[in-house]
Amino acid sequence: MGEGVSKGLNNTETNTDMLRKYNLPVFVSLKELAGQMGHDLNSLRYLLYNRKVARTSHYYTFEIPKKQVENALSPHLKRN
């Protein structure tokens, strides 16, 4: 998910009440989340992992008309 997020990948706490309040899906594991996204667990971890010495980024930076900087997943990593 980008810089500063990779370190939290082992966090297993889920606030199910908050997710349900906003009508969001509740996943009990990363494996379940990966499956719903059409990836296996290793692929999901690869996509989420980020470190400063990495040679490859899964995201590219672009500007939208309001001059806000956004990140998006590289097209070749998207699943249909």
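Everything quoted here is computed from the prediction, not taken from an experiment.
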Taking all non-hydrogen atoms of both residues, which atom of K31 and which atom of L41 are closest, and how far apart?
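What the structure gives for the nearest pair is N-CD1, 3.8 Å.
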All heavy atoms of L44 vs all of H39, minimum pair found to be N-CB, 4.4 Å
Taken to the nearest 0.5 Å, the spacing of N15 CG from R20 CZ works out to 10.5 Å
Side chain to side chain contact (heavy atoms under 4.5 Å, CB included) filter on N42, not counting sequence neighbours, yields D40
Taken in chain and number order and not counting sequence neighbours, the residues that satisfy side chain to side chain contact (heavy atoms under 4.5 Å, CB included) with L19 are T14, L24, V26
